[in-house]
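Worksheet: the structure to be examined is printed underneath.
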Amino acid sequence: PILYSYFRSSCSWRVRIALALKGISYDLVPVNLIKDGGQQFSAEFKTLNPMQQVPALKIDGITLSQSLAIINYLEETHPNPRLLPQDPKKRAQVRMIADHIASGIQPLQNLSVLKQMGEKKMEWAQNCIASGFQALEQVLQHTAGRYCVGDEVSMADLCLVPQVANAERFKVDMGPYPTITRINKALLELEAFKISHPSWQPDTPAELRA
C-alpha cells in the first residue's frame, strides 16, 4: 500500500492510526498542502484524487480517497482488531460520532475554508470547533466508556484524536469538554496513536518533531 499523506492533515492521521492498529505496513508519499501553492493541486496528484485532498491510499489495485471510506475498506479486508462494534446500536453510535467530526466539524475549519476567512480564520476555526465539541461532549456522556463508545477503540476514536489536536492548534479552550479531554488522553497513550502522530512523520518539519 502507498499512503499519500500530509503530516498535519487530520484526515490523513485517521488513516495512519487505522493502518497502525491493523498492523498494515505501507509506503508514505508526503503531499505538502502549503509548499509550491499546495502540491495537492498538481496535475499528477489530481489524476490520483480529483478532489485534490489527502489522504489517498493505493491498495489492492485500487486508489481510495476520503478517510472514512478508506477506514471502512481496511475494516472489511483486515477485520482484526475490529474498529466497528458487532452490536448494531454501538456500531451506529460509532458511525454517528465519526460523521459528527468528519462532516460536522473538520470540513468547516479545513485549510481551504480558512484561506477564504482571511484575518478572521482563527476566530472562525475556534467557533466551528467549539460549537461541534459542545454537541459531541453531550453525546459522549451517553456513549463513552474508556473510549468514545464503550471500552474498545473504534473508528470514532480515530476521528476524535486528530480533531482535538486541531482544537489545541487553534487554541480552543478545552475546559468545557472534560469527557473529550479524558478520552483523548487515554487514546494518546496507545502505541498506534503515538506512531501515527503528526510529530513523528517523515515530512514533519524539524521544529515540530517530537
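Keep in mind it's a predicted model, so treat the numbers as computed, not measured. Numbers here are sequence positions counted from 1.
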Worksheet item: So V113 and L108, side-chain contact (heavy atoms from CB on, under 4.5 Å) or not? Walk me through it.
Response: CA-CA 7 Å; V113 174; L108 298 174; 5.8 Å; no
Discussion item. Quick check: do P178 and E137 have side-chain heavy atoms less than 4.5 Å from each other?
Written reply: yes
Practice prompt. Any chance you could measure S42, atom OG, to D36, atom CG, to the nearest 0.5 Å?
Written response: 9.5 Å
Discussion item. Between I59 and Y73, is the side-chain contact (heavy atoms from CB on, under 4.5 Å) condition met? List the steps.
Written reply: CA-CA 10 Å; I59 188 168; Y73 178 77; 3.8 Å; yes
Discussion item. For P55 versus L3, what's the shortest heavy-atom pair and its separation?
Written reply: CB-CD1, 3.9 Å
Worksheet item: Does the side chain of L140 reach to within under 4.5 Å of the side chain of C148, using non-hydrogen atoms?
Response: yes
Worksheet item: Checking S67 side chain against V15 main chain: does a donor-acceptor pair fall under 3.5 Å?
Response: no
Worksheet item: Does a salt bridge link R95 with E75, judged by any charged N lying under 4.0 Å from a carboxylate O?
Response: no
Practice prompt. Specify the closest pair of heavy atoms between E189 and K194, including all atoms of both residues, with the distance to one decimal.
Written response: O-CE, 3.5 Å
Discussion item. With rounding to the nearest 0.5 angstrom, report the CD to CD distance, Q40 to Q53.
Written reply: 8.5 Å
Worksheet item: Is any side-chain heavy atom of F7 closer than 4.5 Å to a side-chain heavy atom of P30?
Response: no
Worksheet item: Which atom pair, heavy atoms only, marks the closest approach of R209 to P202?
Response: NH2-O, 3.0 Å
Worksheet item: Below 4.5 Å, heavy atoms only, C-beta onward: do I180 and F133 meet side chain to side chain?
Response: yes
Item to complete: Identify the two heavy atoms, one from P176 and one from D173, that lie closest to each other, and give their separation to 0.1 Å.
Response: CD-O, 3.3 Å
Practice prompt. Please assess Q109 against R169 for the test side-chain contact (heavy atoms from CB on, under 4.5 Å), listing each intermediate value before the final yes or no.
Written response: CA-CA 11 Å; Q109 48 90 95; R169 188 153 57 92; over 6 Å; no
Worksheet entry | Rounded distance (nearest 0.5 Å) linking atom OH of Y177 with atom CG of N184 | 14.0 Å
Discussion item. Side chains of L208 and R8, heavy atoms from C-beta outward: is any pair under 4.5 Å?
Written reply: yes
Item to complete: Check whether any side-chain heavy atom of R16 sits under 4.5 Å from a side-chain heavy atom of S5, and report yes or no.
Response: yes
Practice prompt. Look at the side-chain heavy atoms of Ile, Leu, Val, Met, Phe, Trp and Tyr, link any pair under 4.5 Å apart, and say whether I71 and L190 land in one connected group.
Written response: yes
Practice prompt. Please answer whether the main-chain N or O of P85 pairs with a side-chain N or O of K90 as donor and acceptor at a distance below 3.5 Å.
Written response: no
Discussion item. Quick check on the hydrophobic clustering: are L19 and V54 connected, directly or via other members, by side-chain heavy-atom contacts under 4.5 Å?
Written reply: no
Fill in: M122 vs F170 side-chain heavy atoms within contact, under 4.5 Å
yes
Worksheet item: Roughly how far apart are C159 SG and I101 CD1, rounded to 0.5 Å?
Response: 5.5 Å
Item to complete: Hey, could you give me the CG/NZ distance between N110 and K115, rounded to the nearest 0.5 Å?
Response: 10.0 Å
Worksheet item: Are there more than 12 heavy atoms of other residues, nucleotides or ligands under 6.0 Å from atom CD of Q138?
Response: no
Discussion item. For a quick test of reading the model, state the closest non-hydrogen atom pair linking I195 to A20 and the distance between them.
Written reply: CD1-CB, 3.9 Å
Worksheet item: Measuring from L64:CG to I70:CD1, what's the distance to the nearest 0.5 Å?
Response: 6.0 Å
Worksheet item: Tell me, do L136 and Q163 make a side-chain contact under 4.5 Å, heavy atoms counted?
Response: no
Fill in: Exam field: side chain D157 to backbone S154, donor-acceptor pair closer than 3.5 Å
yes
Response to the item:
The single option from L57, V29, L48 that satisfies side-chain contact (heavy atoms from CB on, under 4.5 Å) with I2 is V29
Practice prompt. Heavy atoms only: give me the nearest A102-L68 pair and the separation to one decimal.
Written response: CB-CD1, 3.8 Å
